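A short write-up of the structure that comes next.
For clarity, every value in this text was computed on a predicted model and none was experimentally measured. Throughout, protein chains are lettered first and strands after them, A, B, ... in sequence-line order, and every chain is numbered starting at 1.
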Amino acid sequence: MQFKSQAVAKPYFIAAIGLFVGQILFGLILGLQYVLGDFLFPAIPFNVARMVHTNLLIVWLLFGFMGGAYFMIPEESETELFSPKLALAMFWIFLVAGALTIVGYLTVPYATLAAMTGNNLIETMGREFLEQPLPTKLGIVVVALAFLFNLTMTMLKGKKTAIAMVLMIGLWGLAVFFLFSFYNPVNVVLDKFFWWWTVHLWVEGVWELILGSFLAFVLIKTTGVDREVIEKWLYVIVTLTLISGIIGTGHHYFWIGTPEYWQWWGSIFSALEPIPFFGMTVFAFNMVNRRRREHPNKAAVLWALGTGVMSFLGAGVWGFLHTLAPVNYYTHGTQITAAHGHMAFYGAYAMVNLMMISYAMPILRGRAANSNKSQVLEMWSFWLMTIAMVFITLFLTAAGILQVWLQRVSDTPLPFMVAQEKIQLFYWMREWAGVAFLIGLIVYITSFFVGGEEEKAK
Amino acid sequence: MPLSDDDFGVEEEKAGQNLAVLAEALYLINLLLLPGLAFALLFGLWLKYKDSAPPLARQHLKQTTFVSLIGGFLIFTLSGLILTLGGLAWEWTWVILILYFTCIHSTLVLFGMYALIKAMNGQTWRFPLIGPAIDNPQA
């Protein structure tokens, strides 16, 4: 590794993978609860399992982003990290706060947890994805500010590259938009309106900048293509992301009580949202096709290409599938949304983190790339997890179409729970695809412990 | 030497590269934005240049024109068959139709993206399974 302080990224990556395992285990529990309603009840009720599944996803992705940024910024800025000690302190604070939050979800009834953690002071709890107790939310703000301070100071004393700037804009945006999680107006329309400023403007806004910059960084390192070429692609992708994604927030405003013009704005701009993902796929494949050298870390290149394709399919195609208001009128909040969510999160954010881990971890362990044996195993895990996710998405899509028909289109619409029983076949198939995903994840973790002849660090 | 401001890593390194990129772009536009109209333009280009364009452009024009036709056939005839056999009022018709359409359409788009990259880099590429044979693989 070029700078000693990059080593702080390692615990972040390890924690990210650990939490990823937790997320998948809770995903399997949830999947079973869809078909065996009483599974693990009352120990882990469905609403708690769902909250743990989604919160673990968010937290492991944040750990991955932080680790990736701590690895990337010193190298881009060509200087040591401003304060490695601060980075490590924040790691432990974030990990302990995250673990306590999950323990809280699992051991105390949610209402009691709210009462225990001062939700009456500022009522922020009880909203999907932002269920964290007030102290955890405040902890996230503190950790994010310290993290941004550390990286900004590093950049200020070093070189300022376009890729690092895009990453920093993405990370600052992430922190700024999280502040809307503290704003919880009594008016339900306003509540939902601004709730999306955290949720949507994260995943379809600033997180895409983080994704783009990670991808650009790894592609520069692995392909040897000129930085100027890669930076120009990045500018175009960032522009397309912001043009489509910001007003694209409107696709969440169709049915929440906002004026009707949002159906037009939301439909038009979110129909444009696949374009940056299209650009990213072309970008990744084009750079690999033009590579000037064969990087020994083939697994990292595979993850880079995979994130391009899968984010285009998951976020782009499956997003477009139900984003136009007249379609969304029928599909809103069905399993079609779940299908989109699964593939988009995996394709865009899980895979880009795995790409960064794949590239950085061997270097952090003192080698340019893992042994061939280890990489073969990692590539197996790539295919297992990716194909499993494709099937999860297809089964959920099938479930969603059937649900829409039975519950909303049919002349004799069925109640929600009756429709759920009719689509159980797809829930079972999704569960088995989930098991295949878990096997892929186990293979992925195993790849870290496989020896063999390693490529020396240069 | 510094790269020019408009360099996105796409240089006309080979004769016919721009025409090849245009062919692939029209193929994608036909699938994503202007179905029919973009194909008419692509078909017109193929008719005009199928014998006179440099080998690279000729290959891309041929691939995109034929794959558009076969892709269109796959999308419309099989979708029509699913609709005819299942009927509009059967829920499973829609499950199969939407899944089929989404998968086949996405696959054609992904192949098109890869073919576009090949064109941008001055290389020929045969669409898997449904692409016509490459006349001269060295082109």
Check I117(B) against F285(A) and note the closest heavy-atom contact, atom names and distance.
CD1-CB, 3.1 Å
Is the number of heavy atoms from other residues, nucleotides or ligands under 6.0 Å of M165(A) CE greater than 12?
no
With side chains defined as the heavy atoms from C-beta onward, is the minimum distance between T397(A) and T102(B) less than 4.5 Å?
no
Nearest-0.5 Å distance, CG of residue N286(A) to CG of residue L116(B):
8.0 Å
I'd like to know whether the aromatic ring centres of F426(A) and W92(B) sit less than 6.0 Å apart in this structure.
yes
Atom OH of Y330(A) with >12 non-hydrogen neighbours under 6.0 angstrom
no
Atom CD of E91(B) and atom CG of L402(A): how far apart are they, to the nearest 0.5 Å?
6.0 Å
Tell me every residue that passes side-chain contact (heavy atoms from CB on, under 4.5 Å) with A20(B), counting only those two or more places apart in sequence or in another chain.
L56(B), H60(B), A119(B)
Nearest 0.5 Å, please: how far is CG in N121(B) from CE in M287(A)?
8.0 Å
Atom group of L32(B) that falls short of 4.5 Å from chain A, counting heavy atoms:
side chain
For a side chain to side chain contact (heavy atoms under 4.5 Å, CB included) check, start with the C-alpha distance between N289(A) and Q123(B), then their side-chain angles and the critical distance, and finish with the verdict.
CA-CA 10 Å; N289(A) 200 52; Q123(B) 298 159 347; 2.9 Å; yes
Residue from D411(A), V309(A), V282(A), V317(A) scoring the most non-hydrogen pairs under 4.5 Å with chain B is V282(A)
For a side chain to side chain contact (heavy atoms under 4.5 Å, CB included) check, start with the C-alpha distance between L313(A) and L110(B), then their side-chain angles and the critical distance, and finish with the verdict.
CA-CA 9 Å; L313(A) 289 176; L110(B) 284 175; 4.0 Å; yes
Side chain, backbone, both or neither: which part of I230(A) has a heavy atom under 4.5 Å from chain B?
neither
So for atom NZ, which belongs to K221(A), do other residues, nucleotides or ligands contribute more than 12 heavy atoms lying within a distance under 6.0 Å?
yes
Could you go through L28(B) and F278(A), starting from their C-alpha distance and side-chain angles, then the distance that decides it, and tell me whether this counts as side chain to side chain contact (heavy atoms under 4.5 Å, CB included)?
CA-CA 11 Å; L28(B) 284 166; F278(A) 180 96; 3.7 Å; yes
Find the distance between CH2 (W318(A)) and OG (S106(B)) and round it off to the nearest 0.5 Å.
5.0 Å
Sub-4.5 Å side-chain heavy-atom contact between V409(A) and W94(B):
no
Considering residues, nucleotides and ligands other than K160(A), do more than 12 of their heavy atoms fall under 6.0 Å from its NZ?
yes
As an exercise, state the distance from CD1 of I96(B) to CD1 of I401(A), rounded to the nearest 0.5 Å.
10.0 Å
For H332(A), does the NE2 atom sit with more than 12 other heavy atoms under 6.0 Å from it, leaving out its own atoms?
no
